[in-house]
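Below: the structure, in structure tokens.
Both counts, for ligands and for their atoms, begin at 1 and track the order of listing. Along the sequence shown, the residues carry numbers beginning at 1.
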Amino acid sequence: MATKAATGGATPPRHVAIIMDGNGRWAKARFLPRIAGHKQGVEAVRRVSRAARALGIEVLTLYAFSSENWRRPEEEVRDLMGLLRHFLASELDELVSEGVRLRVIGDWRRLAPDLVAMIEGAIARTAANPGPTLVIALNYGAQAEIVAAARTLAEQVRDGSLDPAAIDEARFTEALETHDLPPLDLMIRTSGEQRLSNFLLWQAAYAELMFIDTLWPDFDEKTLAGALEQFGRRERRFGGL
Ligand code: FPP
């Protein structure tokens with residue numbers, strides 16, 4: 001559980017999601033190629049996942065590659081996949097020794113076969129860990145996730161195992177990829193953009209949204225601690241008074 005000190009005494013967030021934006025602009029400002037920004041972005045991933053653990057956040061969900069990111073130039077997609085391979089290879093031992101459970105959401109089974117095998121191996125090696133949980137969204141799109149959940153429920157209705165009248169919000173939530181994770185408390189987007197970009201749309205229903213100007217490669221322990229502090233000052237009413 002996140003320490004109450006981190007939020008100034010308020011109930012701390014159990015589940016934090018981050019849209020990691022601004023790698024390209026970070027590189028451009030330094031007259032560097034975009035890949036340099038993504039490399040620094042991976043350093044930020046390392047830093048922030050450690051910081052999240054230290055702050056007691058139970059689940060950190062990171063948007064690493066959206067189902068729309070295939071529209072980027074082939075070379076950039078290749079570079080991002082390369083960084084992901086490198087991240088998995090270099091980080092796995094630490095995740096295992098720290099007791100972190102790795103989860104991947106999205107249509108990741110359609111990535112390159114070697115990457116799929118690496119991801120399967122990493123998930124299996126960390127599956128019995130007690131947590132915290134690091135969730136990486138890969139080839140993820142929230143609308144596709146919601147459509148897949150609707151299809152699952154429709155198939156159960158067709159099989160006769162589900163009564164349409166039994167479909168409610170809880171049942172729908174059960175059919176999503178995130179069904180076994182705590183509710184999303186805080187969604188952060190870096191780099192000043194104010195969009196959800198098809199990330200965790202269902203799960204964000206009651207999440208606090210935070211748009212931070214910092215570019216992702218500059219995001220660090222202090223930025224995360226500041227976000228938690230601000231979260232602690234927000235009044236969450238979940239539709240009540
Ligand atoms: C957005 O910056 C960032 C991405 C599309 C990719 C995020 C990926 C990483 C941080 C590295 C890989 C992740 C892991 C978990 C190893 P942008 O390129 O859209 O920036 P811009 O808007 O400034 O161009």
Side-chain angles (χ1 to χ4, degrees), residues 16-53 57 59-96 98 100-108 111-112 114-123 125-126 132-142 187-200 210-221 223-224:
V16 176
I18 307 183
I19 302 176
M20 309 179 287
D21 198 7
N23 296 349
R25 275 162 284 166
W26 184 95
K28 194 171 178 201
R30 290 163 180 76
F31 306 100
L32 294 168
R34 292 178 60 81
I35 175 72
H38 293 314
K39 277 188 182 152
Q40 285 307 308
V42 176
E43 289 311 312
V45 167
R46 289 200 175 95
R47 247 186 345 254
V48 172
S49 58
R50 278 183 199 140
R53 294 203 284 280
I57 293 167
V59 181
L60 177 68
T61 301
L62 300 176
Y63 205 5
F65 195 86
S66 79
S67 42
E68 287 76 34
N69 284 151
W70 296 109
R71 295 184 196 140
R72 295 190 175 208
E74 217 179 300
E75 191 189 345
E76 182 164 344
V77 170
R78 211 175 34 241
D79 285 343
L80 282 168
M81 296 298 154
L83 286 176
L84 196 65
R85 283 185 183 88
H86 185 70
F87 175 82
L88 288 171
S90 61
E91 219 57 9
L92 189 54
D93 283 346
E94 179 175 326
L95 295 181
V96 171
E98 295 268 307
V100 177
R101 211 173 10 216
L102 180 74
R103 284 277 308 276
V104 180
I105 57 171
D107 207 359
W108 57 272
L111 299 177
D114 72 300
L115 193 48
V116 171
M118 278 183 94
I119 294 169
E120 280 170 343
I123 292 173
R125 255 190 87 192
T126 63
T133 302
L134 174 64
V135 184
I136 300 184
L138 273 181
N139 198 13
Y140 174 88
M187 163 91 82
I188 296 172
R189 182 174 189 140
T190 63
S191 89
E193 304 287 340
Q194 303 195 0
R195 287 186 296 280
L196 295 186
S197 298
N198 204 13
F199 192 40
L200 302 175
M210 224 173 262
F211 301 103
I212 296 179
D213 286 339
T214 308
L215 302 175
W216 176 248
D218 292 326
F219 201 99
D220 61 13
E221 301 79 353
T223 333
L224 183 63

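Ranking the protein heavy atoms by distance from atom 14 (C) of ligand 1 puts Leu84 CD1, 3.9 Å first. Nearest protein heavy-atom neighbour of atom 7 (C) of ligand 1: Ala64 O, 3.6 Å. Ranking protein heavy atoms by distance to atom 11 (C) of ligand 1, first place goes to Val42 CG2, 3.6 Å. Among all non-hydrogen protein atoms, the one lying nearest atom 22 (O) of ligand 1 is Arg25 NH2, 3.0 Å. Scanning the protein heavy atoms around atom 20 (O) of ligand 1, the nearest turns out to be Gly24 N, 3.0 Å. Regarding atom 10 (C) of ligand 1, its nearest protein heavy-atom neighbour is Asn23 ND2, 3.5 Å.
Counting only non-hydrogen atoms, the option in Glu43, Met20, Arg72 that gets closest to atom 17 (P) of ligand 1 is Arg72.
A 4.5 Å side-chain heavy-atom check between Ile119 and Ile136 finds every atom pair outside the cut-off. For the pair Leu138 and Leu115, the minimum side-chain heavy-atom distance is 4.5 Å or more. In this structure the side chain of Phe65 reaches within 4.5 angstrom of the side chain of Val77, judged on heavy atoms. Here the side chains of Leu83 and Ile35 are in contact, with some heavy-atom distance below 4.5 Å.
Atoms of ligand 1 lying under 4.0 Å from any heavy atom of His38, numbered from 1 in the order shown and given with element: 18 (O). Near Phe87, meaning under 4.0 Å from any of its heavy atoms, are these atoms of ligand 1: 16 (C). Ligand 1 places these atoms under 4.0 Å from at least one heavy atom of Arg34: 17 (P), 18 (O), 24 (O). Atoms of ligand 1 found under 4.0 Å from any heavy atom of Trp216, numbered from 1 in the order shown, are 10 (C).
Within the structure, the closest approach of Gly22 to ligand 1 falls below 4.0 Å when heavy atoms are considered. Heavy-atom separations between Leu62 and ligand 1 are all 4.0 Å or longer.
Considering backbone and side-chain atoms alike, Asp21 places an N or O below 3.5 Å from some N or O of ligand 1.
Taking the side-chain contact (heavy atoms from CB on, under 4.5 Å) definition, one finds that Arg125 meets it with Leu92, Asp93, Val96, sequence neighbours left out.
Relative ring orientation between Phe199 and Tyr63 is described as parallel, the plane-to-plane angle staying below 30° on a 0-90° scale split at 30° and 60°.
Under a 4.0 Å N-O distance rule, the pair Glu94/Arg46 does not qualify as a salt bridge. No salt bridge links Asp220 with Arg47; every basic N to acidic carboxylate O contact stays at or beyond 4.0 Å.
The residue Glu193 has no part lying near ligand 1, judged by heavy-atom distances below 4.0 Å. Of all the heavy atoms of Trp26, none lies under 4.0 Å from any atom of ligand 1, so neither backbone nor side chain is involved.
Around CZ of Arg71, the count of heavy atoms belonging to other residues, nucleotides or ligands within 6.0 Å does not exceed 12.
Residues Arg25 and Ser191 share a closest heavy-atom pair of NH2-OG, 2.9 Å.
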